[in-house]
Amino acid sequence: MKTDIRNLDLNLLKALDALLDERSVTRAAERLALTQPAVSGMLTRLRECFDDPLFTRVQRGVVPTMRALELAQPVKAILAEVSELLQPKAFDAATAEMTIKIAATDYALRAVIVPFMAALRVQAPGIRVAVLPVNNEQLSAQFERGDIDIALITPDSAPPDLHARSLYDEEYVCLMREDHPLSAQKDLTLDSFCAQDHALVSYLGGNFKGVTDEALASIGRSRRVTLSVCSFLVLPEILRVSDLISVVPRRLTHDLPGLKVLPPPLAIQGFNKIVVWHERTHRDAGHRWLRELLFSTAV
DNA sequence: TTATATTACTCGTGGCCGCA
DNA sequence: TGCGGCCACGAGTAATATAA
């Protein structure tokens, strides 16, 4: 039989390597944790593969042919490369160069991505981040195609086939301009809260009701929402130049000069923010490091 | 005498096929 | 399309034959 890669496997190369080192079928078998006949059989298959006797029998063992000696170094090199291939690739954040794609709402952008980026720039300056809008209906497909690597969402919109971990529990607070008439109140009353004109964020746009209205309805009260915007990011500017107040997630109220935060006068159900990712990136050292950084920077 | 090669057998795996 | 049964094949072992 002529040399045919289809009949050659790594175990045969390991046997050839052991035979070249030991010059004995019996000792090669001991090294490979096999029996002598097993290695003898492997030698037979090696002889067929390379169309050469490879080893000739002598009084105490076997001696390699010229062909076998030629193979010694290439075989060792191949086995070393395979061994290296099987080692998990080390990840060095300081020198890593990669792009991570994160699906996030503008809320998550400010609450999670901003502190994440501050730490990332220091620890891994070679890593680029692309933030994409969240598309709940397409999330699984986007992960499968590799369009996104991580998504920052709420548990109710998480597909069951993804890995998920809770990031934090968010609560709502009331936000208004610093010199707003209501800001003088130590505790915002329900009556003054309901009497005020409100602004809210409707992620899909155009909606004038949210979790605050549901909480009010449950106690038989209501409010007037006069502005609905589709982004959290413009809300502070609007509140600074108007008498509108707004109920917003607490993490959006950090570092907002000219605005005041008060606890809402009723219980409003908060929400849980989670991170989801696909099996495709689950074990990758770089992605694992990035996820841990995300968890450590989200407070 | 000692080490290698061969033989007979066992066991695990993968391909094929029929069935629900 | 998935599952289970059947079969063939390869690789292993123990026992034994053979060669240096």
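Per chain, numbering begins at 1; letters A, B, ... match sequence-line order.
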For this session: Nearest whole angstrom, please: distance from the C1' of B:dT4 to the CZ of A:Arg45.
Result: 16 Å
Seminar exercise, completed: A:Leu54 CG to B:dA5 C1', in whole Å, measures 16 Å
Problem set entry | Gap separating the CG atom of A:Asp52 from the OG1 atom of A:Thr65, nearest 0.5 angstrom | 4.0 Å
Problem set entry | Distance (rounded to the nearest 0.5 Å) between A:Asp243 CG and A:Asp197 CG | 8.5 Å
Exercise. For B:dT2, does either OP1 or OP2 sit under 4.0 Å from a side-chain N or O belonging to A:Arg60?
Worked result: no
Problem set entry | Residues in contact with DNA chain B, drawn from residues 27-42 of chain A - heavy-atom cutoff 4.0 Å | A:Gln36, A:Pro37, A:Ser40
Exercise. If you count the non-hydrogen atoms of other residues, nucleotides and ligands that lie under 6.0 Å from CD in A:Gln269, is the total more than 12?
Worked result: no
Exercise. Any idea which of B:dT2, B:dT4, B:dA5 is nearest the A:Arg47 side chain?
Worked result: B:dA5
For this session: Using a 4.0 Å heavy-atom cut-off across all strands, classify A:Arg57 as base, sugar-phosphate, or nothing.
Result: base
Exercise. If you measure from the Lys or Arg side-chain nitrogens to the Asp or Glu carboxylate oxygens, is any gap between A:Asp179 and A:Arg240 under 4.0 Å?
Worked result: no
Exercise. Can you tell me if the side-chain N/O atoms of A:Thr44 get under 4.0 Å from OP1 or OP2 in B:dA5?
Worked result: no
For this session: Round to a whole Å and report the spacing from CD of A:Glu48 to C1' of B:dA5.
Result: 14 Å
Exercise. What about A:Tyr107 and A:Phe271, are their ring centers closer than 6.0 Å?
Worked result: yes
Problem set entry | Length of the line joining A:Leu46:CG and C:dA11:P, which is rounded to integer Å | 11 Å
For this session: Not counting sequence neighbours, list each pair that qualifies as a ring-ring contact (aromatic ring centres under 6.0 Å, His included) and has a residue in residues 241-266 of chain A.
Result: none
